[in-house]
Amino acid sequence: MKSDKISTRRILIFLALSFIPTWALAFLYMAKYGKNMDGAYYGMLCSIAMLIPAAANILTRVITKEGFDGSKLPLKFKGNVRYLFIALCFPVVCGYITALASAAAFIPDCSPLDIIIKTDYMNVAAMALYCAGVSVMGIIPGFGEEFGWRAYLTPKLEEKMPFPAAITVSGIIWGLWHAPLIVCGHNFGSNYRGYPYVGIALMCVFCIFMGLFLTVLVKATNSVIPAALGHIAFNNTVGTVPGIMFTYVVSEDYAPGNSLVYPAVIMGVTAAAALAVGVMIIRFSRR
């Protein structure tokens with residue numbers, strides 16, 4: 001019972017240290033610049049926010065005298081290179097499927113077959129490799145989030161509940177953590193019915209499935225590094241790949257009037273892929 005209370009206390013401290021600074025920075029930004037993502041300081045806000053969960057992990061361990069055993073930092077490359085490959089390729093595949101789904105859903109005079117036939121795949125591959133390189137070089141922001149959510153919060157929740165419930169709860173928490181950025185228009189813009197609450201709800205659902213994929217990468221490798229790589233690669237790649245593919249078949253702006261539609265397609269495709277790949281990794285790692 002005492003151990004359970006200590007675990008709960010650690011979770012609460014971690015959440016306070018993750019949410020309070022992030023939300024405070026976001027609301028200070030909005031107070032000065034409004035709900036505007038175009039300012040130079042918005043990128044700085046996002047970069048700082050992504051580092052806060054890692055800092056919360058470290059501070060929680062220090063404050064509660066937990067130590068750093070089981071921190072899931074080291075990565076053994078032997079046997080785990082395949083998971084690094086999956087982490088880098090997953091966003092590219094999601095981007096490609098997103099382009100096909102978008103063509104079928106809302107791009108006028110364009111079909112998935114047009115995308116398949118007209119795309120310059122060498123150009124797409126070159127951009128994908130570039131994004132992968134940028135992700136490897138810029139892994140620190142991805143590490144900032146993953147060292148908090150996947151290396152600390154999710155394992156703590158797994159001590160209290162079954163794995164599916166822990167993934168669901170951690171995903172909802174992760175999605176709510178993004179709420180101030182969603183208010184700024186991050187991911188969904190602001191031109192949709194139910195702004196910003198529908199966007200926040202969609203983000204929570206997306207984070208559950210994406211959290212599953214990233215968590216099983218951590219479990220399969222016992223390291224947060226592949227998840228950090230997959231996270232930042234997704235941020236860099238999943239919107240870039242379909243953007244390039246659209247240039248070969250669409251001469252005008254492909255985005256629909258409702259700003260929720262295109263990111264919802266991206267998130268729907270990614271959620272389905274994350275579930276499928278996550279289950280595949282679980283089965284493969286058990287073997």
Side-chain angles (χ1 to χ4, degrees), residues 1-28 44-80 83-84 87 138-181 204 207-208 210-232 282 285:
M1 183 64 71
K2 183 178 179 181
S3 176
D4 187 61
K5 288 183 178 179
I6 292 173
S7 179
T8 300
R9 178 169 171 262
R10 286 170 174 160
I11 290 173
L12 293 176
I13 290 173
F14 170 80
L15 291 178
L17 292 173
S18 296
F19 273 76
I20 293 174
T22 303
W23 282 34
L25 284 172
F27 286 116
L28 284 171
M44 184 184 299
L45 167 67
C46 292
S47 297
I48 293 172
M50 291 182 75
L51 298 175
I52 288 174
N57 179 347
I58 295 169
L59 289 172
T60 302
R61 291 176 180 274
V62 172
I63 292 169
T64 63
K65 300 179 181 180
E66 182 178 359
F68 289 87
D69 290 341
S71 60
K72 302 187 183 300
L73 274 176
L75 173 65
K76 294 180 180 179
F77 282 92
K78 185 178 180 181
N80 288 327
Y83 298 111
L84 294 172
I139 194 174
I140 291 177
F143 173 82
E145 285 202 52
E146 295 309 309
F147 190 54
W149 306 123
R150 249 58 65 184
Y152 195 81
L153 177 62
T154 304
K156 284 285 186 288
L157 291 173
E158 285 187 78
E159 296 173 4
K160 298 179 171 296
M161 58 190 73
F163 177 72
I167 292 295
T168 302
V169 172
S170 65
I172 292 172
I173 290 171
W174 187 25
L176 291 175
W177 179 80
H178 286 87
L181 301 182
C204 289
C207 285
I208 291 171
M210 191 66 178
L212 169 65
F213 169 68
L214 296 170
T215 298
V216 297
L217 281 178
V218 174
K219 284 183 171 293
T221 60
N222 199 35
S223 171
V224 74
I225 302 302
L229 187 61
H231 186 139
I232 200 66
I282 289 172
S285 59

Flag the pair [X] / [Y] as yes when at least one side-chain heavy-atom distance between them is below 4.5 Å, and no otherwise.
| X | Y | answer |
| --- | --- | --- |
| I11 | K160 | yes |
| Y152 | E66 | yes |
| W174 | L214 | yes |
| L17 | I63 | yes |

Kindly compute the distance separating [atom1] ([X]) from [atom2] ([Y]), expressed to the nearest 0.5 Å.
| X | Y | atom1 | atom2 | result |
| --- | --- | --- | --- | --- |
| I139 | L229 | CD1 | CG | 4.5 Å |
| F213 | I282 | CZ | CD1 | 11.5 Å |
| N222 | L217 | CG | CG | 13.0 Å |
| L45 | L28 | CG | CG | 9.5 Å |
| I140 | L51 | CD1 | CG | 8.0 Å |
| S223 | E146 | OG | CD | 11.0 Å |

Salt bridge E159-R10, side-chain N to carboxylate O under 4.0 Å: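 A salt bridge is absent here (no side-chain N lies under 4.0 Å from a carboxylate O).
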For [X] versus [Y], what's the shortest heavy-atom pair and its separation?
| X | Y | value |
| --- | --- | --- |
| P226 | A87 | O-CB, 3.5 Å |
| I232 | G142 | CD1-N, 4.1 Å |
| A151 | F147 | CB-O, 3.4 Å |

Does F68 form a side-chain contact (heavy atoms from CB on, under 4.5 Å) with L73? I'd like the steps, not just the answer. CA-CA 10 Å; F68 289 87; L73 274 176; over 6 Å; no
For T154 and V218, what are the C-alpha separation, side-chain angles and deciding distance, and is it a side-chain contact (heavy atoms from CB on, under 4.5 Å)? CA-CA 11 Å; T154 304; V218 174; over 6 Å; no
Describe, in one word, how the ring planes of W23 and F19 are oriented to each other, choosing from parallel (under 30°), tilted (30 to 60°) and perpendicular (over 60°). tilted
Check step by step if side-chain contact (heavy atoms from CB on, under 4.5 Å) holds for F14 and I173. CA-CA 12 Å; F14 170 80; I173 290 171; over 6 Å; no
Ignoring hydrogens and angles, state whether a donor on the side chain of S18 or W177 is under 3.5 Å from an acceptor on the partner side chain. no
Please assess I13 against L59 for the test side-chain contact (heavy atoms from CB on, under 4.5 Å), listing each intermediate value before the final yes or no. CA-CA 9 Å; I13 290 173; L59 289 172; over 6 Å; no
